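Right, one structure below, let's go through it.
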2 protein chains.
Amino acid sequence: MPRRDGTGPMWWHGRFRGCGYRITAGREAILDTLMIADKHLSAEDIYNKIHNAYPAVGLTTVYRTLEILVTMNLVFKFDFGDGRARYELVEGSKKSHHHHHLVCKECNRIIEYTDFINDEIELLKKTEKGLSKKYNFEIISHIIQFYGICEKCKKKR
Amino acid sequence: MPRRDGTGPMWWHGRFRGCGYRITAGREAILDTLMIADKHLSAEDIYNKIHNAYPAVGLTTVYRTLEILVTMNLVFKFDFGDGRARYELVEGSKKSHHHHHLVCKECNRIIEYTDFINDEIELLKKTEKGLSKKYNFEIISHIIQFYGICEKCKKKR
DNA sequence: AATGTTGATGAAAATCATTTTCATTAACAG
DNA sequence: CTGTTAATGAAAATGATTTTCATCAACATT
Ligand SMILES: [Mn+2]
Ligand SMILES: [Mn+2]
Ligand SMILES: [Zn+2]
Ligand SMILES: [Zn+2]
């Protein structure tokens, strides 16, 4: 049984092993970083955060691990329009909870919101059910993003 | 008054001029291509489609024009996970009507759906109003995408 | 219609995030 | 402890997108 207190196997070890992946120091460090993160990190962000404690972990491994995590649906991969992919732990994994994003088209600032999230989720559930039946499409996750101009950018005009 | 029958100035000329942009053959060709398109085109797709009729239009111009169109909110820019940006005319511009997407994580196939779109739009309207007030964020557009496994990929397993 | 200003353009070079290659290391099953 | 094979880092490659810069052309003005 996975612990939550830092001792024993992490919650994700089982899923990792189950998919035939090995547990390595680099992968632990990357997951730890994602769990602590309070922002949407790029591969390089993660590499930089890890580098002091684990100088042996290269950027390549960060990319490779993130790809695995996305495939396993443990991590979301976002394109917020700033030229690099951004990663975020899927909710439920740790502190992250279900939310959606406001994206500023001007400065790429991201606002996370949970307002109306219950109404949204209710509708999404219904929609998912209908769509997966009609198109025989197995829905795993969704993205909702609003694009526009943030408060600060509006003032600058 | 812009015509819709192919004679006279196109519907977008006014907006273009108003922003200080000039009307050029390349830009006409790119807009035409987007209006005819039935798929989500990449910059190179557009370049290839145009190239026979307008050999003078280069890939660089396609990129530059698309950037303008996205900034002007005439075109959506999507990242469907296949390594290149995809573009689609904003609804109302021509034949395109409001819809959302199902994205297959396995083969990157895209399914457009309009089912439940009315319920979605209704909720989105309410959400937009609340969010724009709470965060003082001017909402211009939104993206809703469901990720999962498409019918064909499910059968392959 | 001719002219001048300045935005638009293409070709080639540069960028730069991400991927691939390949020799070496290390996880972990037995 | 040992063998098998996935994982890794460093360096090179890739490839979409951007930048540079000399030249062209849209269009406001005359
Ligand atoms: Mn987030
Ligand atoms: Mn579409
Ligand atoms: Zn902003
Ligand atoms: Zn598929």
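Letters A, B, ... are given to chains in the order of the sequence lines, protein chains preceding strands, and every chain is numbered from 1. What you see is a predicted model, and the numbers here were worked out from it, not measured in a lab.
Projected onto DNA chain D by closest heavy-atom contact, E44(B) and R22(B) fall at different nucleotides, the more 5' of which corresponds to E44(B). Nearest-nucleotide positions on DNA chain D for Y47(A) and I68(A) put I68(A) closer to the 5' end. Summary of the strand contacts: A25(A) and A56(B) both lie near DNA chain C, and taking for each the nucleotide with the nearest heavy atom, the more 5' one is attributed to A56(B).
Regarding contacts with the backbone of dT19(C), every side-chain N or O of Y63(A) stays at 4.0 angstrom or more from both OP1 and OP2. OP1 or OP2 of dC27(D) sits under 4.0 Å from a side-chain N or O of R17(B). Listed pair R27(A) / dA27(C) fails the phosphate criterion, with no side-chain N or O lying under 4.0 Å from OP1 or OP2. Using a 4.0 Å cut-off, some side-chain N or O of T24(A) falls inside it from OP1 or OP2 of dT8(D).
Using a cutoff of 4.0 Å between basic side-chain nitrogens and carboxylate oxygens, D45(A) and R86(A) are scored as salt-bridged.
Below 30°, between 30° and 60°, or above 60°: for F76(B) and F78(B) the angle between ring planes is between 30° and 60°, a tilted geometry.
Ranking dT18(C), dA11(C), dA7(D) by closeness to the Y21(A) side chain, first place goes to dA7(D).
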Exercise for review: Go through the steps to decide whether H100(B) and H142(B) satisfy the test ring-ring contact (aromatic ring centres under 6.0 Å, His included), and finish with yes or no.
Suggested key: CA-CA 10 Å; H100(B) 295 139; H142(B) 64 257; 5.2 Å; yes

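Counting atom types as modelled, R84(B) pairs no side-chain N or O with a base atom of dT17(D) as donor and acceptor under 3.5 Å.
Between I121(B) and K125(B), the closest side-chain pair of non-hydrogen atoms falls below 4.5 Å.
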